[in-house]
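Structure, as structure tokens:
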Protein chains: 2
Amino acid sequence: MRRYANSTSFKRSNCAVACTLDLIGDKWTLLIIRDMFFGKTRYKEFQDSEEGIPTNILTNRLRKLESAGLVAKSPYQKNPVRYEYRLTEAGRSLGPILKSIINWAGEYIPGVRRPKASQTRTTG
Amino acid sequence: MRRYANSTSFKRSNCAVACTLDLIGDKWTLLIIRDMFFGKTRYKEFQDSEEGIPTNILTNRLRKLESAGLVAKSPYQKNPVRYEYRLTEAGRSLGPILKSIINWAGEYIPGVRRPKASQTRTTG
DNA sequence: TTTGTCACTTGCAATTAGCAAGTGAGTGGA
DNA sequence: TCCACTCACTTGCTAATTGCAAGTGACAAA
């Protein structure tokens, strides 16, 4: 088992919370991860999610996630080469975070739609 | 028990994950909440945390958290009036999210310092 | 009177986000 | 062959947010 989630990004401190936020603490990243948990793998699928992520941000976040080791891409066709994006083990292990968020929202945000319990989907 | 975490903020969707991110999904908010979990209550204490939050952002986030019902402020002195900030029940119930983040980081980010298990501190 | 603390505000530059439009490789159809 | 269309991006440009430094006002202590 490789332990990572590394690199390029500057660390504000060594605190577990701060480090995690440096990786996934923004408006969009966790939504992409949510989509992956629920079976989406392709650029277009992420783009089509109802929140409407801008394409430049989607591209940027997929690369950050890849270089952090949370997501891996592999070609699903050639001519032209197209990639699908899937959670790595480190990425999948974010499941409990997602789950606790969904639970919290279900309790404290009125009228929220909770996705049907996190399913750990990895190989289509 | 009041259920809230409402208001002013625009909602991108009704998804539990998206709604929660609209509330606490940025670089700083969860660090303030972390600090509160570990006993900090005053502006200066948050400001002194090692990540070095800018003061305008701290003020802004405290207000957002207050208006979302996650934090309540009360005066701890007069002349001049100074307030302390504490988690409400809704705020305290973010504990499991914080905990799952700390656990994940402990597993997947090397060299991370995990704060000693989340203690639910409310009244000094 | 001066110095210092606390909890902010304000100003402004730098970074990031967000929208629209464009691009290039390919497919399918007339 | 030409045209339209898809997918996965890029690019350009504006708007919004961040982050740093400095300033402010109420007060206490020296």
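Only this structure's heavy atoms are used, side chains among them; waters, hydrogens and symmetry mates stay out. For clarity, every value in this text was computed on a predicted model and none was experimentally measured. Numbered from 1 within each chain, the chains take letters A, B, ... in sequence-line order.
- Within the 4.0 Å cut-off from OP1 or OP2 of D:dT10, not a single side-chain nitrogen or oxygen of A:Y43 is found.
- A salt bridge links A:R34 to A:E51: one of the charged nitrogens lies within less than 4.0 Å of a carboxylate oxygen.
- Listed nucleotides: D:dC9, C:dC8, D:dC7. Nearest to the side chain of A:R82: D:dC7.
- When only modelled atom types and interatomic distance are considered, B:S49 and B:K40 share a side-chain donor-acceptor pair under 3.5 Å.
- Residues from residues 44-55 of chain B with heavy atoms under 4.0 angstrom of DNA chain C, sorted by number: B:K44, B:T55.
- Note on B:R86 versus B:E84: salt bridge recorded, some NZ/NE/NH1/NH2 to OD/OE distance being below 4.0 Å.
- Of the side-chain N and O atoms in B:R61, one or more sit less than 4.0 angstrom from OP1 or OP2 of D:dT18.
- When the side-chain nitrogen and oxygen atoms of B:Y76 are compared with OP1 and OP2 of C:dA7, one or more of them lie within a distance under 4.0 Å.
- The distance from atom NZ of B:K64 to atom P of D:dT17 is 7 Å, rounded to the nearest whole Å.
- Close to D:dT17, at under 4.0 Å from its OP1 or OP2, lies no side-chain N or O of B:K27.
- Whole-Å rounding puts the B:K78 NZ to D:dG25 P distance at 24 Å.
- Rounded to an integer number of Å, the gap from CG of A:L58 to C1' of C:dC19 is 15 Å.
- For the pair A:R42 and A:Y76, the cation-pi criterion (under 6.0 Å, within 45° of the ring axis) is fulfilled.
- Classification of B:R113 and B:E50 as a salt-bridged pair holds, one side-chain N sitting under 4.0 Å from a carboxylate O.
- When the C1' atom of C:dT9 is taken as reference, atom CD1 of B:I57 falls 14 Å away, rounded to whole Å.
- Residue B:W28 has no polar side-chain atom (N or O) positioned under 4.0 Å from OP1 or OP2 of D:dT18.
- Residue B:Y83 contributes atom OH, which lies 18 Å from atom P of C:dC6 at whole-angstrom precision.
- Map B:L62 and A:P80 each onto its nearest nucleotide of DNA chain C; the residue landing nearer the 5' end is B:L62.
- In this structure, B:I32 atom CD1 and D:dT18 atom C1' are separated by 14 Å, rounded to whole Å.
- DNA chain C is contacted by both A:D26 and B:R42; B:R42 maps to the nucleotide lying nearer its 5′ end (nearest heavy atom per residue).
- Close to C:dT9, at under 4.0 Å from its OP1 or OP2, lies a side-chain N or O of B:R63.
- Rounded to whole Å, atom P of C:dA7 lies 8 Å from atom CD of B:Q77.
- Between the C1' atom of C:dC8 and the NZ atom of B:K73 lies a distance of 11 Å, rounded to the nearest Å.
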| field | side-chain hydrogen bond (donor to acceptor under 3.5 Å, both in side chains) between A:T59 and A:N56, intermediate numbers included | value | CA-CA 5 Å; A:T59 301; A:N56 50 351; over 6 Å; no
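- Side-chain atoms of B:T20 and A:W104 include no donor-acceptor pair closer than 3.5 Å.
- Salt bridge annotation for A:D22-B:K27: absent, with no cationic side-chain nitrogen under 4.0 angstrom from a carboxylate oxygen.
- Listed pair A:N56 / D:dT10 fails the phosphate criterion, with no side-chain N or O lying under 4.0 Å from OP1 or OP2.
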